[in-house]
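Here's the structure we're looking at; comments come further down.
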Amino acid sequence: MRNVTSDTITQSFLDYMSDDTDERLQFILTRLAHHLHDFVRETGLTHDEWRKGLELLYNAGDISTPERNEFVLFSDVLGLSSLVDMVNSPDNGTPSSVLGPFHVRGAPDLAFGADMKGDNEGAPTIVGGCVTSTDGTPIEGAVLEIWQTAENGLYSGQDDSQPEFNFYGCMKTGADGRYLFSTVRPAPYTVPEDGPVGELLRATGRHPWRPSHLHFIVTSAEHRTLVTEVFPSDDPYLDEDAVFGVREKLIMEYQERHDPSDLPDELAIKPHIDTPYYVVDFDFVLAPK
Ligand code: BEZ
Ligand code: FE
C-alpha cells in the first residue's frame, strides 16, 4: 500500500506478512497490531510520550543482567505476568501465581520433616499438607521446590550474610502425597525500585511492596506443573500486591501454637523448637496433563 493513512496502516502492516507465516504467530501479530495501533489512535499518543516509552524500555535493557530482568518486572507490575498465568491456569486445581526472579535450580533435597530454619532468626513455622490430583487421589513422588525470604525480607541471592540456598529446598512426597517442613515466617518485601520500573511506580503513586509468601513449584509426571505462592491471611499487603499475585485460594492462616508435644515426630525441629510457633496447612491440587 502506498498512501498509508492512520485508518489503513493496520491492514497495511498485516498485508506485509506472508501467507506462510506460522499460523499462531500470524494470529498473535494481527491482534497485537490491532491493539497497538488502536492504542495510539485512541490516546493520540504524542512524540514525547512515545519517546518516553522507548526510553523506559531502553533503560530496562540497560539495568538488566543475567540475574535481574527488568522487562519481566515491567510485565509483573503491569499485571501482564499474572494475566498470562490466569489464562493458562486450569480452573480445577490450585491457582498458579507469579514465579518471580528469585527461583534458582539446584536447591538441596529435603527429607520429609526437614528443617530450613536452622540458626536463622524468625518465628518457627511448620508447613505441611498433601499434594493431590483433582479427583482427590494423593500424588506419590510429586516434587515440591520451595523458596522464600529470610526474616529480613531478602532472598539468599540478594544478601551476602545468608549462605547459598538459605531457605531453598526440594522435597518429594511419599505414598500418602504428604509434605512437611519447618521454616520461619517469610516477610513482606519490595520489588526492585532502583530502575525504570521504580520510576513508573513512583510516577503513578504506587508502592513496591509484595505481601510475604512462600514460593512453590510442584511437579509430577502425570500432572501439569504448578508454579504458585501461598500468602498468610494477616499480611497487610494482601490487597495491594505490586505484582497482582494474590488469589483467595492461596491465602492460608498461620495458626499460633504453644505446645509442641503433639507435633509429628518426623519434624527434625521438634526437640528444640521455640514457642510460640506457627502451623500452616496447605494442600496442593494438581490438574492432570
Ligand atoms: C517474587 O515473588 O519473588 C517477585 C515476583 C515478582 C517481582 C519481584 C519479585
Ligand atoms: Fe517472592
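Atoms within each ligand, like the ligands themselves, are counted from 1 in listed order. Worth saying up front: this structure is predicted, and the values here are computed from it rather than measured.
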The Fe ion (ligand 2) contact by T149, N, O or S atom under 2.8 Å: no

The Fe ion (ligand 2) reached by Q148 (N, O or S, under 2.8 Å): no

Charged N-O contact under 4.0 Å between E151 and K117: no

Carboxylate-amine/guanidinium proximity below 4.0 Å for E70 and R68: yes

Exercise: do H258 and T275 side chains pair donor with acceptor under 3.5 Å: no

Y189 and Y155 aromatic centres sub-6.0 Å: yes

Ring centre gap for H207 and Y237 strictly below 6.0 Å: yes

Pocket residues of ligand 1, ordered first by chain and then by residue number (heavy-atom cut-off under 4.0 Å): L73, D76, G100, P101, F102, Y155, Y189, V191, R210, H213, H215, E229, V243

Test log, rule salt bridge (charged side-chain N to carboxylate O under 4.0 Å, His left out), inputs D234 and R185: CA-CA 12 Å; D234 58 355; R185 278 192 80 132; 3.0 Å; yes

Metal-centred angle, the Fe ion (ligand 2) as apex - OH of Y189, NE2 of H215, 10° resolution: 160°

K52 vs E55, salt bridge (charged side-chain N to carboxylate O under 4.0 Å, His left out): CA-CA, chis, key distance, verdict: CA-CA 5 Å; K52 183 67 197 170; E55 186 189 305; 3.3 Å; yes

